[in-house]
Amino acid sequence: MDYQFNDVEKKWRKYWSDHKTFKVGIDNNKPKFYVLDMFPYPSGAGLHVGHPLGYIASDIYARYKRLKGYNVLHPMGFDAYGLPAEQYAIQTGQHPAVTTANNIARYREQLDQMGFTYDWDREVRTCDPDYYHWTQWTFIQLFKSWYNRKTQQAERIESLVTHLEAYGTEGLDAACSLEQTLPPGTWSRLTEAEQQDFLMNYRLAYLSDTMVNWCPELGTVLANDEVREGYSVRGGHPVERKLMKQWLLRITAYAERLLSGLDQVDWSDSLKEMQRNWIGKSEGASVVFPVHEQEALQLEVFTTRPDTIFGATFMVVAPEHELLPLLTTPGQQNTVEAYVSQAKNRSERERMAEVKKISGEFTGSYAINPLSGEKIPVWVADYVLAGYGTGAIMAVPAHDSRDYAFARHFGLTIREVVSGGDISVESYDAKEGTLVNSDFINGLGVKEAVRAVISRLEETGQGRGTVNYRLRDAIFSRQRYWGEPFPVYYKDGLPYTLDEGELPLLLPDIDSFQPGRSGEAPLTRAKNWTNKEGYPLETNTMPGFAGSSGYYLRYMDPDNKQEYFSKEAVQYWQDVDLYIGGAEHATGHLIYARFWNKFLFDSGHSVKDEPFRKLVNQGMIQGRSSIAYQVKGKNEFVSFGLKDQYDTIPVNVDIRLVNQAGELDIEAFRNWRPDYTDAGMILEDGKFLCGHETEKMSKSLHNVVNPDELIEKYGADTFRLYEMFLGPIEQSKPWDTNGIEGVFRFIKKLWKLFHDQQNQLSLSPDAPTPAELKVLHRTIRKVEEDIERLSLNTVVSTFMICVNELSDLKCNKSAILSDLIVLISPFAPHIAEELWEMTGHRPSVANAAFPVFNPGYVRESVFEYPVSFNGKMRFRIALPLDAGIRDVESAVLASPEAQKWIPPGGPRKVIVVPGKIVNVVV
RNA sequence: GCGGAUGUGGCGUAAUUGGUAGCCGCGCCAGACUUAGGAUCUGGUGUCGAAAGACGUAUGGGUUCGAGUCCCUUCAUCCGCACCA
């Protein structure tokens with residue numbers, strides 16, 4: 001009789017839940033530790049083996065920290081609003097609240113099987129009114145705030161009004177959509193509508209006509225991070241540009257802080273780099289070019305290379321540039337208009353696909369280089385983007401490859417101003433070299449020249465040094481049903497927020513979830529969708545990232561009815577110490593959540609500027625698909641080894657039909673699909689072998705491995721250990737169930753350490769031997785070090801080595817085994833609890849203390865020196881560790897093994913690294 | 001194109017700081033026990049070689065007494081960004 005994992009695991013899961021073992025609260029006698037998983041969106045497919053990877057790692061860490069004496073907050077919840085549930089509702093008419101609740105129940109059931117230490121009393125769901133109350137509340141605070149660049153933080157809108165009343169816009173340095181000026185003393189003369197309109201330019205949540213990513217198929221706009229290559233990330237539908245009135249969050253106000261904050265957090269370089277690219281800071285100059293013979297007109301450009309200004313031989317404006325009609329001379333009107341309409345009608349996708357195709361037209365106008373006075377032509381071309389910088393550039397073909405290609409194509413002047421390249425062949429884009437053909441900056445290096453040009457421009461008022469960000473404000477409206485309603489009503493066309501006392505504004509029921517194709521939101525169907533005074537409410541809802549931006553704060557105090565979270569709770573829990581989740585949230589959730597938190601920090605609610613101190617991205621678990629090869633045009637399949645003799649197409653086969661060796665169960669295969677009932681099978685050696693492929697784990701590829709089945713067969717402890725044993729958590733790797741048997745054997749071996757051949761508990765009260773203590777304490781040291789650096793795969797190996805060694809020593813001393821139970825409990829909590837109880841301890845082992853490493857037990861007096869000759873290891877020699885370098889050297893040279901390798905002339909040199917190695921140079 | 005990461009047996013991987021390459025596990029081979037084994041246990045298993053030994057961490061070079069680890073080159077794979085001025 002072996003270890004009965006099924007009964008034992010059920011018993012302890014019930015114990016934990018009955019005793020609320022993992023319920024936590026504020027405890028000022030213990031240091032806090034906050035371990036967070038990115039909460040899942042509960043999809044209809046349930047969890048596959050890839051999802052729990054991060055959850056298991058974080059749970060191990062949370063359990064470990066508990067053993068180390070920390071008060072650990074380890075909550076879980078659900079990102080419950082979102083598109084898939086709504087798309088499903090549109091197709092089936094089922095209310096998304098119903099499908100979402102079902103999916104959550106299924107997720108919960110799966111999660112509950114894995115022995116996690118979540119405090120479920122703290123669960124949050126973003127679609128729960130008690131939760132989205134505070135999402136709406138934060139929106140109101142954002143609406144009522146502006147960003148003061150002077151103090152580098154958000155402030156209440158009242159302080160802006162006070163400033164405007166007293167000084168107008170004089171001395172104001174605020175994040176805004178459009179620079180506007182208001183002379184002192186004019187504010188109070190503005191009408192209510194004019195004032196509101198003016199303030200909208202500064203609010204951190206604001207309404208604006210914006211070019212948006214409109215997805216007709218989904219009937220909604222999408223944020224930049226929800227669009228990839230012109231298609232929606234969710235669903236893969238085409239996306240087009242459209243001008244719409246939308247709510248936006250002024251995240252750009254925080255661009256600099258979002259960037260500099262990255263230096264303070266312990267995240268992977270690749271993730272930080274992704275965020276840096278997304279923010280896209282570039283430093284340079286804004287330069288004003290007057291237009292020749294049009295006094296009133298001037299073109300402002302942004303350049304990162306002001307040093308190359310003497311090499312600007314033409315200018316280019318985007319087709320959408322607002323001055324283009326004024327720049328176009330009558331003679332050029334027809335060609336320019338034709339070009340612009342063609343450029344505008346091209347979809348985003350066509351535009352992206354034709355990046356390499358050079359096109360443009362001359363406007364007929366000329367601009368004047370403000371430093372050289374040179375007259376240069378102004379062109380229009382779609383390689384200049386309206387949305388970045390000022391939508392116009394000074395083109396320096398000698399030192400910008402795009403300008404170079406354009407100049408070559410249209411035969412424009414190319415003038416070298418930085419030496420170092422060969423501009424007859426290609427542009428020289430590098431930021432190094434000496435300035436030439438450049439008047440007062442000739443002979444300077446690039447960096448000096450940049451500074452010199454900027455200061456000259458600032459002296460003459462023709463430009464200034466500026467910083468540009470690629471980051472855009474976040475579009476916050478969705479024309480969807482299944483999301484948070486905006487706490488906003490409209491009076492005389494102007495938006496006002498509801499009183500905080502009226503929150504939460506509940507999502508109303510509607511008769512159909514269908515969105516309008518031209519952008520009417522489903523909430524326009526809601527009956528009596530007005531505030532208490534009868535003014536119409538906003539019909540858009542908030543996007544998916546709204547609810548996930550502050551959930552980690554709500555976990556600190558999830559039942560609070562009066563506020564988002566109490567001062568006491570946030571003072572205690574502070575921030576997330578360890579955050580584990582997928583890298584796909586690098587530019588979405590993680591930027592928005594940092595922004596959300598920084599705003600709450602400025603307004604005195606959260607207490608840390610950065611919410612996630614350490615962040616780890618777990619790698620993706622890929623599927624291992626089984627492939628059968630179908631003979632083209634026939635209902636006939638050919639075994640893997642023979643497939644090259646036929647013309648075949650690969651067909652994904654359900655991985656359950658294939659055994660470890662890749663052999664297909666033909667009977668099952670024929671029953672799998674009606675089409676294959678009569679399929680011909682060409683065998684090799686009497687078998688049908690399948691090929692395999694590593695690809696995404698998905699239902700459609702029939703390669704999904706379900707954790708429930710594995711837990712049923714091997715138990716949750718084995719499953720947890722095996723997921724960790726696969727390799728480093730950050731690494732992506734294909735799932736292969738084959739190795740799980742090894743971990744299963746390990747669990748059984750562990751059980752056997754405590755039991756005799758009749759499966760009776762058999763422990764010895766005797767004092768441990770030095771050999772046993774050495775094994776135990778080596779394990780303690782390694783386990784502790786490796787958990788600290790989240791190297792969990794090596795910890796599993798360490799346990800295996802430890803149990804192998806203790807088995808060899810036939811060790812059944814309780815003193816040793818009790819410590820081993822605690823060590824292993826974060827990884828295999830169920831068997832640990834059972835053994836803990838059996839060895840006479842009071843449950844739960846989760847409340848035990850982590851064993852303390854004693855270096856005295858692992859200290860050695862003798863070391864087996866590896867002796868190498870010219871760096872190649874030849875033999876070992878055991879010597880006392882306190883032997884001096886000279887003693888070691890002579891002992892090695894005198895040893896019989898060494899004679900074989902020492903040439904007649906003797907060694908040239910001997911290197912002894914005490915306690916490490918000896919290298920003889922011959 | 002730019003940026004980041006990764007490359008080690010048949011497979012997943014290991015190797016604190018430059019110091020014994022291949023730990024642990026899968027698979028495979030042999031053996032023991034067994035009516036049986038897809039259970040369990042024992043031994044073996046980088047490549048070539050009978051052995052001695054030689055070779056070996058994607059490639060080529062370098063630094064070093066010594067390189068999987070540091071530097072340079074090339075290649076491959078994955079991820080992110082992509083006309084960002």
Side-chain angles (χ1 to χ4, degrees), chain A residues 2 228-229 268-278 280-282 284 301-305 308 316 318 351-352 354-358 381-385 387-396 399-403 405-406 429 468-471 583-584 586-587 617 619-620 622 659-661 721-722 725-728 730-743 745-746 748-749 752 782 785-786 789 791 793-801 804 864-876 900 907-913 915-922:
Chain A
D2 270 339
R228 190 169 299 160
E229 287 171 20
S268 72
D269 287 340
S270 66
L271 192 61
K272 286 187 186 183
E273 206 48 38
M274 266 190 242
Q275 292 223 337
R276 288 195 188 104
N277 290 340
W278 193 257
K281 179 180 183 173
S282 46
V301 303
F302 173 73
T303 176
T304 54
R305 296 293 302 277
T308 62
V316 186
R351 190 164 162 163
M352 280 186 224
E354 292 170 10
V355 161
K356 293 281 173 285
K357 216 164 128 187
I358 295 163
D382 68 359
Y383 83 92
V384 172
L385 304 177
Y388 184 79
T390 61
I393 61 157
M394 63 174 209
V396 184
H399 305 289
D400 181 290
S401 52
R402 295 152 303 176
D403 298 342
F406 193 82
D429 296 18
N468 230 296
Y469 298 93
R470 201 187 73 109
L471 185 71
E584 65 272 22
T587 49
N617 288 128
M620 254 217 323
Q622 291 134 314
N659 73 6
Q660 280 195 24
L721 283 164
Y722 186 57
F725 189 60
L726 283 176
E730 308 91 327
Q731 224 164 77
S732 288
K733 55 230 149 191
W735 178 267
D736 183 1
T737 303
N738 287 339
I740 200 169
E741 295 279 352
V743 176
R745 263 176 227 140
F746 160 75
K748 288 191 275 193
K749 232 168 156 176
K752 277 184 196 154
K782 177 86 174 144
E785 278 173 6
D786 285 2
R789 58 187 178 105
S791 170
N793 53 327
T794 54
V795 178
V796 181
S797 298
T798 303
F799 288 139
M800 291 176 171
I801 293 167
N804 287 347
E864 281 239 313
Y865 276 92
V867 180
S868 46
F869 288 76
N870 292 342
K872 205 85 189 136
M873 209 279 286
R874 296 303 177 185
F875 63 91
R876 276 171 235 274
K900 191 169 152 195
R908 276 208 283 156
K909 196 175 173 189
V910 180
I911 288 136
V912 177
V913 184
K916 276 259 161 89
I917 199 167
V918 178
N919 190 23
V920 184
V921 188
V922 294

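Atom set for the values below is all heavy atoms of this structure, side chains included, hydrogens, waters and symmetry mates excluded. By convention in this document, chain letters (A, B, ...) are assigned in the order of the sequence lines, proteins followed by strands, and residues within each chain are numbered from 1.
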Nucleotide nearest A/Leu726 when distance is taken to its side chain, options B/U20, B/C24, B/G12: B/G12
Pairwise C1' distance for B/U47 and B/G56, with rounding to whole Å: 7 Å
Nearest-angstrom distance from the residue atom NZ of A/Lys272 to C1' of B/G80: 17 Å
C1'-based separation of B/A76 from B/G60 [nearest Å]: 15 Å
Minimum-distance nucleotide (side-chain atoms of A/Met274 versus B/G80, B/G66, B/U20): B/G80
Identity of whatever pairs with B/C33 - Watson-Crick or G-U, under 3.5 angstrom: none
Flag if over 12 foreign heavy atoms under 6.0 Å of CZ, A/Arg874: yes
Nearest-nucleotide pick for A/Asp400, side chain only, options being B/A15, B/A85, B/C24: B/A85
Distance in angstrom units between A/Arg876 CZ and B/G19 P, rounded: 16 Å
Pairwise P distance for B/U64 and B/A15, with rounding to whole Å: 29 Å
Watson-Crick or G-U wobble mate for B/U20, both contacts under 3.5 Å: none
Closest to side chain of A/Ser270, choosing from B/U20, B/G4, B/U17: B/G4
Phosphate contact (B/A14 OP1 or OP2) by A/Asn793 side-chain N/O below 4.0 Å: yes
Presence of A/Lys748 side-chain N/O under 4.0 Å of B/U40 phosphate oxygens OP1/OP2: yes
Heavy-atom side-chain contact between A/Asn870 and A/Val921 under 4.5 Å: yes
A/Trp278 ring center near A/Tyr469 ring center (under 6.0 Å): no
Which atom of A/Pro866 lies closest to which atom of A/Met873, heavy atoms considered: CB-CG, 3.9 Å
Distance, rounded to the nearest Å, where A/Ile801 contributes CD1 and B/A15 contributes P: 11 Å
B/C79 versus B/G68 - spacing of their P atoms, nearest Å: 30 Å
Residue closer to the 5' end of RNA chain B, A/Gly280 versus A/Leu271 (nearest nucleotide): A/Leu271
Of the listed nucleotides B/C81, B/A85, B/U40, the one nearest the side chain of A/Lys752: B/U40
Sugar-phosphate only, base, or nothing, as touched by A/Arg908 at under 4.0 Å among non-hydrogen atoms: nothing
Flag side-chain contact, heavy atom, 4.5 Å: A/Met394 against A/Thr308: yes
Side chain of A/Asp382 (C-beta onward), nearest among B/A85, B/C83, B/G19: B/C83
Nearest to side-chain heavy atoms of A/Tyr383, which nucleotide of B/A15, B/C83, B/A82: B/C83
Closest to side chain of A/Pro728, choosing from B/C83, B/G12, B/A14: B/A14
Residue closer to the 5' end of RNA chain B, A/Met394 versus A/Val913 (nearest nucleotide): A/Val913
Sugar-phosphate only, base, or nothing, as touched by A/Glu864 at under 4.0 Å among non-hydrogen atoms: nothing
Strand partner of B/C48, provided both Watson-Crick or wobble distances fall under 3.5 Å: B/G53
Pair A/Thr794-A/Ser797, side-chain donor/acceptor within less than 3.5 Å: no
Mate of B/U69 where both pairing distances stay under 3.5 Å, Watson-Crick or G-U: none
Distance between P atoms of B/U74 and B/A67 (Å, rounded): 24 Å
Any A/Arg745 side-chain N or O less than 4.0 Å from OP1/OP2 of B/U40: yes
Nucleotide B/C11, atom P - distance to CD of A/Gln622 in whole Å: 16 Å
Euclidean distance, atom NZ of residue A/Lys749 to atom C1' of B/C24 [Å, nearest integer]: 11 Å
Minimum heavy-atom distance between A/Pro907 and A/Val920, given as atom pair plus value: CB-CG1, 3.6 Å
OP1 or OP2 of B/G4 under 4.0 Å from side-chain N/O of A/Arg276: no
Inter-nucleotide P distance (B/G25, B/G31), Å rounded: 23 Å
Torsion-based syn/anti label for B/G9, 90° from 0 as limit: syn
Sugar-phosphate only, base, or nothing, as touched by A/Ile911 at under 4.0 Å among non-hydrogen atoms: base
Nucleotide paired to B/C11 in any strand shown, Watson-Crick or G-U, under 3.5 Å: B/G25
Touch class at under 4.0 angstrom, heavy-atom based, for A/Asn919 against every strand present: base
Short side-chain N/O contact from A/Lys900 to OP1 or OP2 of B/G53, under 4.0 Å: yes
Integer-rounded Å distance: B/G12 C1' and A/Met800 CE: 12 Å
Pairwise P distance for B/A82 and B/G3, with rounding to whole Å: 16 Å
A/Asn919-A/Lys909 side chain donor-acceptor pair, cut-off 3.5 Å: no
Proximity to the side chain of A/Lys872 - top-ranked nucleotide from B/G56, B/C81, B/A85: B/G56
Touch class at under 4.0 angstrom, heavy-atom based, for A/Ile393 against every strand present: base
Between A/Asn468 and A/Ser282, a side-chain donor and acceptor under 3.5 Å: no
Closest nucleotide among B/G12, B/C65, B/G25 to the A/Lys733 side chain: B/G12
B/G22 and B/U57, which share atom name C1', separated by this distance in whole Å: 9 Å
Sugar-phosphate, base or nothing in reach of A/Val921, heavy atoms under 4.0 Å: sugar-phosphate
B/A54 phosphate, OP1 or OP2, under 4.0 Å from A/Arg874 side-chain N/O: yes
Nucleotide B/C24, atom P - distance to CG of A/Leu721 in whole Å: 17 Å
Whole angstrom value for the distance that separates P of B/C2 from CD of A/Glu273: 15 Å
Phosphate OP1/OP2 of B/C65 contacted by A/Ser868 side-chain N/O (<4.0 Å): no
Residues A/Lys782 and A/Glu785 bridged, charged N to O under 4.0 Å: no
Base paired to B/G80 (Watson-Crick or G-U; both N/O distances under 3.5 angstrom): B/C2
Sugar-phosphate only, base, or nothing, as touched by A/Asn804 at under 4.0 Å among non-hydrogen atoms: sugar-phosphate
